[in-house]
Amino acid sequence: GYKMAAVQFTINQNGQIVDALTFQTSEDQKTDKLLIDAVCQMPDWVPASYESGLKVSQTYAFCVGNMESCIINLLNMGVE
């Protein structure tokens with residue numbers, strides 16, 4: 001199986017991707033760079049907002065690879 005890798009990033013109040021980093025390395029520098037580059041090249045998002053319309057930043061994690069990895073519990077995500 002493939003090792004799980006995770007990239008953490010934040011969508012700021014303007015919908016832009018900021019602070020992308022490797023949360024869980026694939027242990028392959030080229031793969032980690034490819035994942036970071038892919039996340040950073042995504043188009044702008046619709047930012048999170050409250051019912052009042054106040055826009056806020058929100059952090060996400062993009063995971064690829066073996067979703068049965070024990071690291072999945074650190075991300076508070078369930079495996080389906």
Could you tabulate the donor-acceptor pairs under 3.5 Å formed by side-chain atoms of residues 6-13, not counting sequence neighbours?
{"unit_1": "Thr10", "atom_1": "OG1", "unit_2": "Thr59", "atom_2": "OG1", "d": "3.0"}
{"unit_1": "Asn12", "atom_1": "OD1", "unit_2": "Asn14", "atom_2": "N", "d": "2.9"}
{"unit_1": "Asn12", "atom_1": "OD1", "unit_2": "Gly15", "atom_2": "N", "d": "3.1"}
{"unit_1": "Asn12", "atom_1": "OD1", "unit_2": "Gln16", "atom_2": "N", "d": "2.9"}
{"unit_1": "Asn12", "atom_1": "ND2", "unit_2": "Gln16", "atom_2": "OE1", "d": "3.2"}

Within a strict 4.5 Å, meaning less than it, do heavy atoms of the Tyr60 and Trp45 side chains meet?
yes

Side-chain heavy atoms under 4.5 angstrom apart, residues restricted to Ile, Leu, Val, Met, Phe, Trp, Tyr: same cluster for Val18 and Val56?
no

My understanding is that only residues two or more places apart in sequence, or in another chain, count here; which of them pass salt bridge (Lys or Arg N to Asp or Glu O under 4.0 Å) with Glu51?
none

If I compare all heavy atoms of Ile17 with all of Pro43, which pair ends up nearest, and what's the gap?
CD1-O, 4.4 Å

Ignoring hydrogens and angles, tell me if any N or O in the side chain of Thr22 forms a donor-acceptor pair with the backbone of Gln24 under 3.5 Å.
no

Those residues at least two apart in sequence (or on a different chain) that pass side-chain contact (heavy atoms from CB on, under 4.5 Å) with Lys33 are Asp37

Any side-chain heavy atom of Val64 sitting closer than 4.5 Å to one from Leu35?
yes

